Structures are given as structure tokens and as C-alpha cells.
K.L.:
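Here's a structure for you.
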Amino acid sequence: DIYGVLPMILGSLYVTAGAMVVGVPPGILTAVYLSRFAKPRTARLLKPAVSLLAGVPSVVYGFFGLTVLVPAVRTLFGGSGSSMLSASLLLGMMILPTVISLSEAALNAVPASYYEGALALGATHERTVFWVVLPAARSGVMASVVLAVGRAIGEAMAVMMVAGNQARMPAGALKGVRTLT
């Protein structure tokens with residue numbers, strides 16, 4: 001037999017890529033909503049909830065994944081449920097607070113003159129937010145994505161609990177893997 005670290009490296013990359021697909025788009029859209037669309041009262045209620053999610057220990061996320069996500073994946077897609085898909089979904093949830101809070105801060109840092117200028121030229125609120133404000137905040141949003149990738153790659157306990165912890169080459173989204181961490 002041939003032994004090596006390549007299956008774990010590939011498992012880490014695949015699970016992280018899946019987490020980015022699951023967590024980054026909703027995180028950025030939630031940040032846009034909190035920054036530009038939510039009423040002040042709604043934003044005041046949701047911001048602490050997002051911050052609270054960031055403080056949940058990874059073992060708690062892992063237990064949630066083990067008791068909720070793994071059985072759901074098993075029921076919906078078959079297999080054992082302990083898979084790359086379960087790990088990606090769980091990591092996607094874990095990176096949401098990072099993406100939301102940092103992207104929202106970047107969106108709030110965009111000068112008001114950009115928004116007002118686009119509106120003065122006849123753009124709608126939505127077009128202004130997505131075509132002017134969001135591109136202006138691109139560097140901050142990308143920083144949130146980079147930090148989220150770092151968290152996803154470095155996560156060990158929650159992923160080990162739901163990914164199946166099988167040291168073999170990744171064979172599909174519904175098969176178990178072991179990550180490098």
C-alpha cells in the first residue's frame with residue numbers, strides 16, 4: 001500500500017471549497033441587507049445575533065452537525081451522512097459570522113457620496129447598492145472571504161465529527177474524508 005498526506009490535503013481543499021460555495025454568497029448578501037436594506041430596528045436585532053454565532057465553540061457546531069446535518073444528509077441523499085457535503089455545509093455556517101461582520105463594515109465604510117452620486121444620476125436604490133457600493137467595498141469584502149477561508153481550513157474538531165474521518169482519496173460529495181487539520 002502507498003501512504004501519504006495527499007488525501008488529507010485534497011480533503012481539506014474540497015471541504016473548504018464547498019464551504020466557500022455554501023457560506024460566502026449568503027454572507028455577502030446578508031451583509032448588504034444589514035448595511036443598506038434593513039430597517040434600523042431589524043439591523044439592531046440581527047447584528048448581535050450574528051456576533052453571537054461567532055462566539056459559539058466549534059465543538060457545539062460539531063455536535064449540531066452530528067445530530068442534525070448528518071441525519072439530514074443521510075435522509076435526503078443516502079449514504080452514511082458523514083461526508084464531504086455535511087462538512088461543507090457545517091463549515092459554511094461557521095464562516096457566516098466572519099463574512100457578514102467584515103463585509104458589512106466594508107460596506108459601511110464606502111463614502112456616502114458614491115451612493116448619493118449614483119442616485120443623482122438616476123440609478124435605483126438596488127442598482128446603486130449592487131453596482132456602485134458593493135464594488136467600492138470589494139477589498140474589504142475580499143478580506144472577509146480570505147479570513148473565512150483561513151477559518152475553514154483551520155477548523156479541526158467540527159469537521160472531524162461530521163466528515164467521516166476516513167483517510168482516503170476524496171471519492172465524491174457523499175463519501176467520507178479526513179482533512180489535514
Side-chain angles (χ1 to χ4, degrees), residues 5 7-35 38 41-77 79-109 137 140-168 170 172-181:
V5 75
M8 290 183 278
I9 292 173
L10 288 178
S12 295
L13 292 176
Y14 289 168
V15 168
T16 301
M20 294 299 109
V21 168
V22 169
V24 170
I28 292 173
L29 290 175
T30 303
V32 168
Y33 173 74
L34 287 174
S35 175
R41 182 170 186 242
T42 306
R44 268 197 326 270
L45 290 173
L46 289 178
K47 285 180 187 180
V50 169
S51 298
L52 195 62
L53 285 175
V56 175
S58 33
V59 173
V60 174
Y61 275 113
F63 183 71
F64 170 78
L66 209 58
T67 58
V68 176
L69 280 178
V70 169
V73 169
R74 182 183 315 124
T75 302
L76 292 173
F77 301 107
S80 68
S82 294
S83 62
M84 218 175 350
L85 177 63
S86 299
S88 295
L89 291 172
L90 185 66
L91 275 179
M93 289 188 318
M94 290 178 74
I95 66 170
L96 276 174
T98 303
V99 174
I100 293 170
S101 60
L102 293 174
S103 296
E104 183 191 4
L107 288 164
N108 289 336
V141 171
M142 290 308 296
S144 74
V145 172
V146 168
L147 287 172
V149 167
R151 178 165 187 188
I153 287 177
E155 184 54 50
M157 183 54 70
V159 174
M160 187 175 66
M161 292 172 81
V162 299
N165 201 22
Q166 301 169 6
R168 62 176 185 192
L174 298 176
K175 302 290 184 188
V177 293
R178 180 183 293 169
T179 59
L180 188 60
T181 52

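These numbers come from the heavy atoms of this one structure, side chains and all, not from hydrogens, waters or symmetry mates. Note that the structure is predicted; figures quoted are calculated from it, not measured.
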K.L.:
Which atom pair, heavy atoms only, marks the closest approach of A31 to S103?
P.N.:
CB-CB, 3.6 Å

K.L.:
Are any of the side-chain heavy atoms of T16 and T179 separated by less than 4.5 Å?
P.N.:
no

K.L.:
Measuring from atom CG of L53 to atom CD1 of I95, what distance do you get when rounded to the nearest 0.5 angstrom?
P.N.:
13.0 Å

K.L.:
Using the side chain to side chain contact (heavy atoms under 4.5 Å, CB included) criterion, which residues pair with T30? Sequence neighbours excluded.
P.N.:
L34, I100

K.L.:
What are the two closest non-hydrogen atoms of V22 and L89, and how far apart are they?
P.N.:
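Closest approach of V22 to L89, heavy atoms only: CG2-CD2, 3.9 Å.
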
K.L.:
Check whether any side-chain heavy atom of V73 sits under 4.5 Å from a side-chain heavy atom of S83, and report yes or no.
P.N.:
yes

K.L.:
Over all heavy atoms of both residues, which pair between A106 and A137 is shortest? Give the atoms and the distance, please.
P.N.:
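Between these two residues, the closest heavy atoms are O-CB, 3.6 Å.
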
K.L.:
Measure the spacing between CE of M161 and CG of L69 and express it to the nearest 0.5 Å.
P.N.:
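Here the rounded value is 12.0 Å.
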
K.L.:
Could you note down all residue pairs passing salt bridge (charged side-chain N to carboxylate O under 4.0 Å, His left out) where residues 47-70 supplies at least one of them, sequence neighbours left out?
P.N.:
K47-E104

K.L.:
So do the side chains of M93 and F64 get within less than 4.5 Å of each other, counting heavy atoms only?
P.N.:
yes

K.L.:
With sequence neighbours left out, what residues match V60 under side chain to side chain contact (heavy atoms under 4.5 Å, CB included)?
P.N.:
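Partners of V60 under the side chain to side chain contact (heavy atoms under 4.5 Å, CB included) test: V56, P57.
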
K.L.:
Taking all non-hydrogen atoms of both residues, which atom of S35 and which atom of L107 are closest, and how far apart?
P.N.:
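Heavy atoms only, the tightest pair is OG-CB, 3.5 Å.
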
K.L.:
Taking the side chain as every heavy atom from C-beta outward, state whether V159 and L91 have any atom pair closer than 4.5 Å.
P.N.:
yes

K.L.:
Please examine the side chains of M84 and K175, heavy atoms only from C-beta on, and report whether any two atoms are closer than 4.5 Å.
P.N.:
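No. Closest side-chain heavy atoms not under 4.5 Å.
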
K.L.:
For A38, check side chain to side chain contact (heavy atoms under 4.5 Å, CB included) against everything at least two apart and list the hits.
P.N.:
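Testing A38 for side chain to side chain contact (heavy atoms under 4.5 Å, CB included), a comparison that skips the adjacent residues, returns Y33, T42, A43.
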
K.L.:
Check whether any side-chain heavy atom of I28 sits under 4.5 Å from a side-chain heavy atom of V141, and report yes or no.
P.N.:
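The answer is yes, as the side chains (C-beta and beyond) meet within the 4.5 Å cut-off.
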
K.L.:
Side chain to side chain contact (heavy atoms under 4.5 Å, CB included) with F63: which residues, sequence neighbours excluded?
P.N.:
T67

K.L.:
Hey, are the side chains of R178 and M8 touching, using non-hydrogen atoms and a 4.5 Å cut-off?
P.N.:
yes

K.L.:
For the residue pair S101 and P97, what are the closest heavy atoms and their distance?
P.N.:
OG-O, 2.8 Å

K.L.:
Can you find a pair of side-chain heavy atoms, one from M20 and one from V149, that are under 4.5 Å apart?
P.N.:
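SC-SC contact between M20 and V149 confirmed.
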
K.L.:
Rounded to the nearest 0.5 Å, how far does CD1 of I9 lie from OH of Y14?
P.N.:
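Y14 atom OH to I9 atom CD1 measures 12.0 Å (nearest 0.5 Å).
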
K.L.:
Testing L85, V177, T181 one by one against V15 for a side-chain contact (heavy atoms from CB on, under 4.5 Å), which residue passes?
P.N.:
V177

K.L.:
I'd like to know if the side chain of S86 and the backbone of V70 have a donor-acceptor N/O pair within less than 3.5 Å.
P.N.:
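No: the side chain of S86 does not pair with the backbone of V70.
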
K.L.:
Quick one: CG on L10 to CG on L180, what's the gap to the nearest 0.5 Å?
P.N.:
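The CG atom of L180 is 10.5 Å from CG of L10, to the nearest 0.5 Å.
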
K.L.:
Going by side-chain hydrogen bond (donor to acceptor under 3.5 Å, both in side chains), name the pairs with one or both residues in residues 153-164, residues two or more places apart or in two chains.
P.N.:
S58-E155

